[in-house]
Protein chains: 4
Amino acid sequence: MKAIRDPIHNIILFDKQNERLILDLLDTPEFQRLRHIKQLGFSSYTYPGAEHTRFAHSLGVAHLTRRFIDKISSNKVTGDGLSVEELTDNRLLVSVAALLHDIGHGPFSHALEGITGIKHEKWTIKIIKGNTCVNKIIRHYNISPDEVAEIIQRTHKSSALVKILSSQLDADRTDYLLRDSVMTGAGYGSFDLEWLINVLRLGKHEDEVEIGLDLNKGQSIAEDYVMARYYMYKNVYFHKTTRSAELMMSSVFKRAKELESQGLIEFPAVLKKIINVQEENSDDDILQAYLELNEHLLWTCVMKWKDCDDLVLKDLCGRILNRNLYKALPQGIDIFKIIRAGDKLSAQLKIPVEYLLLVDSAESGCYKDPYILIKPSQEDPKEREASEQIFLFDNDGRAEELSRISKVIGAMRDESINIKRYYVPGEYIENFLGE
Amino acid sequence: MKAIRDPIHNIILFDKQNERLILDLLDTPEFQRLRHIKQLGFSSYTYPGAEHTRFAHSLGVAHLTRRFIDKISSNKVTGDGLSVEELTDNRLLVSVAALLHDIGHGPFSHALEGITGIKHEKWTIKIIKGNTCVNKIIRHYNISPDEVAEIIQRTHKSSALVKILSSQLDADRTDYLLRDSVMTGAGYGSFDLEWLINVLRLGKHEDEVEIGLDLNKGQSIAEDYVMARYYMYKNVYFHKTTRSAELMMSSVFKRAKELESQGLIEFPAVLKKIINVQEENSDDDILQAYLELNEHLLWTCVMKWKDCDDLVLKDLCGRILNRNLYKALPQGIDIFKIIRAGDKLSAQLKIPVEYLLLVDSAESGCYKDPYILIKPSQEDPKEREASEQIFLFDNDGRAEELSRISKVIGAMRDESINIKRYYVPGEYIENFLGE
Amino acid sequence: MKAIRDPIHNIILFDKQNERLILDLLDTPEFQRLRHIKQLGFSSYTYPGAEHTRFAHSLGVAHLTRRFIDKISSNKVTGDGLSVEELTDNRLLVSVAALLHDIGHGPFSHALEGITGIKHEKWTIKIIKGNTCVNKIIRHYNISPDEVAEIIQRTHKSSALVKILSSQLDADRTDYLLRDSVMTGAGYGSFDLEWLINVLRLGKHEDEVEIGLDLNKGQSIAEDYVMARYYMYKNVYFHKTTRSAELMMSSVFKRAKELESQGLIEFPAVLKKIINVQEENSDDDILQAYLELNEHLLWTCVMKWKDCDDLVLKDLCGRILNRNLYKALPQGIDIFKIIRAGDKLSAQLKIPVEYLLLVDSAESGCYKDPYILIKPSQEDPKEREASEQIFLFDNDGRAEELSRISKVIGAMRDESINIKRYYVPGEYIENFLGE
Amino acid sequence: MKAIRDPIHNIILFDKQNERLILDLLDTPEFQRLRHIKQLGFSSYTYPGAEHTRFAHSLGVAHLTRRFIDKISSNKVTGDGLSVEELTDNRLLVSVAALLHDIGHGPFSHALEGITGIKHEKWTIKIIKGNTCVNKIIRHYNISPDEVAEIIQRTHKSSALVKILSSQLDADRTDYLLRDSVMTGAGYGSFDLEWLINVLRLGKHEDEVEIGLDLNKGQSIAEDYVMARYYMYKNVYFHKTTRSAELMMSSVFKRAKELESQGLIEFPAVLKKIINVQEENSDDDILQAYLELNEHLLWTCVMKWKDCDDLVLKDLCGRILNRNLYKALPQGIDIFKIIRAGDKLSAQLKIPVEYLLLVDSAESGCYKDPYILIKPSQEDPKEREASEQIFLFDNDGRAEELSRISKVIGAMRDESINIKRYYVPGEYIENFLGE
């Protein structure tokens with residue numbers, strides 16, 4: 001047994017024989033790269049402990065996936081066409097999908113996606129299917145990379161396998177909620193993981209296999225879990241300070257791209273390749289470039305640009321480095337007033353208003369998880385819907401939806417988090433407040 | 001009150017009025033830089049959770065310093081010339097020293113010190129006394145930067161102030177032991193911090209004021225604390241895998257310096273400045289360059305060098321990035337045999353033996369802490385000895401030394417950790433084992 | 001400092017000088033008696049760890065009361081007529097009230113109250129004001145027992161003092177929720193106590209001083225706290241098995257009283273005194289008898305009665321001792337059917353139906369706490385209402401009520417817990433289910 | 001699965017099919033009786049949280065036993081004649097032994113044994129082999145009660161089975177150390193249980209199968225565990241205040257027996273039977289009486305005796321109830337002086353000196369566990385020695401003894417805890433101090 005210590009799950013074990021595939025995947029450059037990509041981006045600017053990486057999170061998800069499968073399959077399942085063997089037979093396959101589900105994440109994901117236009121999910125699939133060590137190793141162990149990708153993309157024919165990793169109660173979000181809660185030190189995200197696992201059940205809803213909880217024992221923990229997620233979004237993921245840094249980083253990349261296209265600054269070669277995808281670059285070439293990207297490279301750019309000639313870029317980079325962040329205007333100021341003040345200041349400072357006044361619209365239905373694309377994408381008609389629902393199964397396998405039996409959760413459905421914020425440099429905040 | 005959440009101490013509070021100085025120091029570029037320097041360097045290669053930074057640790061030490069002072073001064077102190085007022089009157093001063101005690105740390109401290117020849121302690125003092133924001137702010141609040149430096153250097157005239165931050169039971173190591181224990185997930189380092197704080201006492205030993213514990217209530221926690229430290233050194237700080245990565249990084253810098261001096265590779269400007277200190281560079285200039293150094297810059301070098309022409313540097317950098325580390329030879333192989341095998345392999349591969357065979361001699365008296373220079377340096381005759389001893393004070397203020405009254409700790413004094421290890425590329429390990 | 005270790009609060013400190021009164025109260029027979037009365041009665045029949053006593057809980061409430069006062073008074077309070085001095089000046093007085101708030105609790109409180117007709121709150125006041133060690137000590141330290149009683153009864157003129165101990169966010173229920181959660185092992189009741197304390201504020205609502213939370217930082221923890229309480233009621237306090245045992249114990253006492261009044265069994269002298277209060281017994285005499293009551297005495301009765309001649313009492317006692325409890329009928333059976341089956345079985349077994357069919361109607365508004373008499377009693381017009389509301393105060397001291405700004409809590413107001421259950425001996429359950 | 005919540009192990013699961021035997025044993029009167037016997041006797045007089053019972057502890061030991069077996073048998077065992085099948089084949093048998101290992105414990109075990117002269121181990125065997133529900137159920141499931149008893153008595157032919165429950169690293173003491181540590185709130189007893197379980201191994205030492213730890217990974221946790229036990233003995237189990245209460249309770253029973261034999265007081269029938277075993281009482285009769293004994297009955301005696309005519313008994317009982325305990329004399333007073341002062345006071349007060357001056361000699365080799373009879377008893381030549389040693393096994397199954405490879409533990413072997421204390425009524429302490 002290979003034992004890995006973890007601040008959340010204590011000991012994560014992998015069988016050196018039966019799970020050698022997993023251990024080999026850990027050693028690939030593609031997976032090691034996740035050490036250099038933080039799980040929560042700029043959250044450490046608000047919560048100094050939140051330095052944990054996608055590497056540790058991915059290990060945690062693989063660990064929980066196996067615990068979920070083992071627990072679910074320890075219960076007798078009654079129900080038409082339901083069988084736990086689908087899970088137990090594919091335990092390794094799903095574990096691999098769990099381990100790799102985030103492998104396409106880049107540094108400062110959202111900011112980066114803003115300038116490349118390519119979602120991290122695309123990269124994940126490319127890495128699994130493309131010319132990579134990860135792909136070679138999966139095939140070496142006679143697992144189909146296509147199947148791994150299908151589980152992650154929710155197009156796999158087995159609904160049970162998909163739902164272990166992508167549903168309201170999946171191994172992914174149970175890991176990140178707990179991990180983010182512990183690492184930030186914000187107690188909100190804590191819930192009783194052991195009890196949740198203990199009451200996990202397999203069931204069916206409208207002919208779809210679903211992961212849910214025992215109806216008799218699971219309602220309170222289900223409510224507690226949904227509430228924990230809600231608190232984490234409201235207080236941690238959408239934290240005012242964190243969002244400011246994220247918006248500023250997006251602005252840095254936007255500005256840098258403008259300047260680069262005008263030949264005023266230079267991008268590192270790999271970044272250049274990703275941003276300006278050209279015909280002559282083969283797909284493999286671009287994938288390779290993407291795999292060279294990590295936070296160190298981008299931070300080094302920021303450090304360099306803080307001394308560049310462009311006043312906008314220079315200022316943004318200096319501020320981000322020193323955590324001298326844009327401040328949010330108080331809620332309730334008239335939008336016309338804000339825009340006019342922005343325009344006026346822009347003219348005065350000769351800085352485009354879009355770099356002076358950053359607009360945030362953090363938005364989430366509380367009961368939904370914005371991290372998953374809920375609707376099947378149009379590109380792939382086979383894509384399974386990532387259900388917004390949490391199911392509780394009675395002893396006869398009948399499903400009840402949580403928000404129907406819980407007034408509290410029913411109420412949450414309608415209370416979406418919808419925060420509109422305007423950020424400006426702290427020294428100009430008066431310009432937006434003054435009558 | 002400014003509240004900062006922390007995975008170790010939960011809530012760290014700073015008074016917005018009385019401790020405004022601390023809050024202002026947090027916002028300096030010099031302190032923000034610590035966000036980009038990990039507390040445990042390569043330990044995350046062994047313990048994936050151990051990504052915590054010197055930023056978080058420094059906050060923790062400032063927090064504990066105040067708790068220590070508040071607790072110690074809540075007890076009546078009897079004893080000739082002992083007074084808690086020295087502590088309470090200088091609470092802010094010591095807190096500042098605590099916050100800044102690691103501010104001179106660089107990325108990959110030991111590897112970097114190997115090529116610059118300058119200890120991080122030197123940089124700490126330069127940052128506090130030099131032309132920096134930190135210095136300006138300290139002076140603005142009418143605190144003497146010299147006094148801050150003296151506390152950190154253990155030359156301050158008040159022994160009590162020095163010992164809060166540098167002794168066997170100081171705020172520095174209580175924070176890092178617990179923090180490292182939680183973040184690695186290695187339970188070894190845990191001890192009952194609350195009880196330790198509860199029994200803290202001020203006392204005297206041979207005319208020196210010391211921080212110690214209550215003799216009646218403190219022996220078990222003192223033993224537990226010393227044991228926790230011992231386990232952390234043995235299992236975490238001196239971990240075989242972690243040490244391999246550290247040695248390899250030192251080799252990277254050594255090789256790079258050779259190549260740079262021959263004009264074969266180029267260093268980033270700030271690194272160049274630090275390494276080749278020239279007369280024409282003013283001190284401020286060099287300090288400024290040092291402050292630009294962080295892990296991102298060095299990692300970016302490693303990523304670049306992994307594609308360079310020099311086979312040695314290229315290989316080392318590629319391995320470090322992909323965590324394909326040198327392996328330790330089994331204990332007990334004859335040293336002559338190791339050296340001859342190394343020489344033979346070196347000739348064969350045309351690679352200097354010092355890059356093929358890395359030697360580690362992790363060494364520590366268990367009861368001593370190698371992180372502190374024990375002996376006063378000769379340069380500064382005023383420097384106070386960082387005592388190797390832990391004191392227990394009886395109700396009359398009489399000191400007993402822990403190792404004298406505890407057989408267990410007495411035994412530890414003599415059991416030094418002394419691990420000699422030889423690391424070689426995994427694929428050549430057979431060359432060293434073969435008969 | 002006197003240090004007491006506690007599984008919930010770790011270290012509870014009392015100042016040997018300034019809080020000598022508290023330490024002296026701990027040593028009274030009246031307070032020591034609480035060691036023999038469990039906090040959760042029969043909950044340990046469901047959760048074997050839940051053996052904690054009212055002694056430990058009372059210590060915890062005294063501890064939290066001081067933390068609450070210290071935290072609240074560390075914040076500047078702005079607001080007409082609001083002052084923290086009222087709290088700081090009366091810190092010891094409120095701590096005493098906190099320590100003694102449950103001192104009148106008897107063994108198996110509700111079952112006992114069923115046959116005596118005297119609420120434990122009455123005994124609490126008698127113990128504080130009567131001829132007891134507690135009373136003597138309070139007076140010895142120049143505290144007014146009447147004031148202590150008034151705080152507990154919510155008739156004290158200072159609303160601030162009252163609310164620290166009796167409101168939706170008081171020291172009493174924060175202690176018992178956490179303590180019960182940890183001791184049962186049911187994770188539901190956990191909430192971030194440190195953050196809750198950190199955001200405690202003093203404010204006003206409709207001219208009444210209230211304890212509440214900071215509006216900007218406290219909404220999530222307030223919601224989490226209300227939810228935690230809801231889960232604990234639903235899953236722990238109203239647990240099916242626990243309630244069965246409690247009902248059976250009530251039946252034991254009811255039957256025993258009947259038999260005793262017919263001279264068929266004998267009561268221990270002190271129990272006899274309490275139950276049949278006679279004119280010739282002076283008040284002091286009865287109080288003294290009550291103070292001799294504890295769980296040991298009642299359990300010894302149960303052990304004795306399990307061998308008595310009366311079939312009903314004998315059976316109930318044997319079952320309780322061996323945890324062979326009555327079983328709850330499934331929900332949804334027609335009430336007419338239940339009653340008819342009960343009558344039939346009663347006739348058949350020649351056992352009164354009230355001992356065969358136990359009816360439970362656990363009921364609680366989720367947002368209310370049934371443990372507190374909400375409405376001022378008619379007897380005492382000065383009695384303060386124990387608010388059902390939780391307040392959040394903005395920086396100008398304006399109060400918002402939680403259920404108005406939180407959809408989730410708003411929804412809870414209407415979702416009362418209302419569980420009607422029918423319990424019968426397990427071997428006769430079929431008689432109630434049969435066609 | 002039947003899930004039981006526990007403050008130490010969180011969720012304890014028993015399989016409703018395969019472990020129905022265990023669930024049935026839980027429901028026996030003999031096992032339910034353990035709810036009324038505290039694990040730590042009078043420790044709650046020092047640590048108010050320590051109210052946990054032998055019921056909860058026994059559940060914990062059964063739980064850990066299964067975890068130990070499952071973990072040990074997941075590792076390949078190499079070694080002559082070693083096989084994990086012995087463990088896996090007898091998993092249920094050992095679990096039953098684990099569940100029942102303490103079933104013969106009486107209330108205030110040591111005090112009671114003092115007057116009955118019968119060790120609780122005797123009762124345990126009688127309960128398992130005698131005419132009891134426990135015995136019937138074990139046989140009903142085709143398990144041999146004799147084998148269960150043999151495992152507990154260490155006479156079972158399979159050394160592996162014995163050592164899971166009785167050795168230096170057994171399921172019994174790992175449970176009680178952690179449980180006692182958490183419940184008292186004394187952090188000393190904590191160790192990393194998960195890591196300890198993770199490195200458990202089966203091996204051989206001098207032809208005896210032993211439970212030990214992995215040599216490469218287990219030394220630090222082994223040391224930590226031994227130290228934890230040492231701290232618990234020193235600080236908790238041998239706590240000055242707790243020992244005073246225990247000695248006083250022994251004196252109560254001794255005095256009561258004297259008075260009873262003179263017809264001056266009366267014993268409850270069951271106590272009378274146990275103490276004065278008469279020929280005419282069949283064994284079953286006495287066993288039945290013993291099973292009626294619990295703490296409630298004895299406390300009720302104490303409450304009654306506090307009002308009796310004998311001054312000695314009356315005084316002792318009143319003191320115990322009100323926790324007005326005898327105080328320990330300071331260490332270092334001359335023994336002659338103590339005895340003479342005792343005699344003088346005895347003459348003066350007309351109270352036998354043995355009730356005025358209680359002598360405690362808490363004694364334990366630190367590395368040994370006094371709770372286990374180390375030496376095979378002479379009565380049963382088959383009895384296996386409960387090894388004092390902790391073994392570490394290398395990959396070839398070779399055993400190293402912990403104290404030989406660890407200087408710290410080597411040192412502990414010689415540092416026995418040996419505390420001689422003299423307790424006297426607090427008001428007479430001056431009589432023993434005055435020159």
Side-chain angles (χ1 to χ4, degrees), chain C residues 4-12 26-36 38-39 44-53 55-60 133 179 181-187 236 268 270 292-304 306-307 318 321-324, chain D residues 4-12 26-36 38-39 44-53 55-60 133 179 181-187 236 268 270 292-304 306-307 318 321-324:
Chain C
I4 300 173
R5 303 306 301 253
D6 179 69
I8 309 308
H9 304 298
N10 199 346
I11 301 174
I12 297 179
L26 297 188
D27 283 342
T28 57
E30 296 90 6
F31 195 78
Q32 289 293 322
R33 167 184 160 275
L34 296 180
R35 291 182 179 278
H36 305 287
K38 284 189 207 166
Q39 177 72 12
S44 62
Y45 267 34
T46 312
Y47 298 98
E51 298 279 348
H52 53 301
T53 63
F55 184 93
H57 165 60
S58 297
L59 278 175
C133 292
R179 190 172 299 274
S181 169
V182 170
M183 289 302 151
T184 56
V236 176
V270 293
E292 303 267 320
L293 272 188
N294 63 25
E295 294 184 2
H296 305 307
L297 192 77
L298 299 190
W299 273 116
T300 304
C301 290
V302 170
M303 289 188 282
K304 196 169 142 199
K306 81 165 199 303
D307 299 320
L321 271 168
N322 297 335
R323 196 181 170 281
N324 176 16
Chain D
I4 300 173
R5 303 304 303 252
D6 179 68
I8 310 307
H9 304 298
N10 198 346
I11 301 175
I12 297 180
L26 296 188
D27 282 344
T28 57
E30 296 90 3
F31 195 78
Q32 289 293 322
R33 166 184 161 273
L34 296 180
R35 291 183 181 276
H36 305 286
K38 283 190 207 166
Q39 177 71 10
S44 62
Y45 267 34
T46 312
Y47 298 98
E51 298 279 348
H52 53 299
T53 64
F55 184 93
H57 165 59
S58 297
L59 279 174
C133 293
R179 191 172 298 275
S181 170
V182 171
M183 289 301 152
T184 56
V236 176
V270 293
E292 304 266 321
L293 270 188
N294 62 25
E295 293 185 1
H296 304 308
L297 192 76
L298 298 190
W299 273 116
T300 304
C301 291
V302 171
M303 290 189 281
K304 196 169 142 200
K306 83 165 199 301
D307 299 321
L321 272 168
N322 296 335
R323 197 180 169 281
N324 175 16

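Being a predicted model, the structure only gives us computed values, none of them experimental. Residue numbering restarts at 1 for every chain, and letters A, B, ... go by the order of the sequence lines.
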In terms of heavy-atom pairs under 4.5 Å, which option from [options] contacts chain D the most?
options                              : result
C:His9, C:Glu292, C:Glu295, C:His52  : C:Glu292
C:Thr184, C:Asn10, C:Leu321          : C:Thr184
C:Met183, C:Glu51, C:Arg35, C:Arg323 : C:Arg35

Counting heavy-atom pairs under 4.5 Å to chain C, which of [options] comes out on top?
options                     : result
D:Arg33, D:Glu30, D:Gln32   : D:Gln32
D:Tyr45, D:Tyr47, D:Phe31   : D:Tyr45
D:Met303, D:Lys304, D:Lys38 : D:Met303

Heavy-atom distance under 4.5 Å to chain D: side chain of [X], backbone, both or neither?
X        : result
C:Leu297 : both
C:Asn324 : neither
C:Leu59  : side chain

Side chain, backbone, both or neither of D:Asp6 within contact of chain C (heavy atoms, under 4.5 Å): backbone
Kindly give the heavy-atom pair with the smallest separation between [X] and [Y], and that separation in Å.
X        : Y        : value
D:Pro48  : C:Ala56  : O-CB, 4.1 Å
C:Ala50  : C:Ser44  : O-CB, 3.6 Å
D:Ala186 : D:Ser181 : O-OG, 2.9 Å

Could you label the plane-to-plane angle of the C:His296 and D:His296 rings as parallel, tilted or perpendicular, counting under 30° as parallel and over 60° as perpendicular? tilted
Quick one: does D:Thr53's side chain have a donor or acceptor within less than 3.5 Å of a partner on D:Gln39's backbone? no
Return the CG to OG1 distance between C:Leu298 and D:Thr300, rounded to the nearest 0.5 Å. 9.0 Å
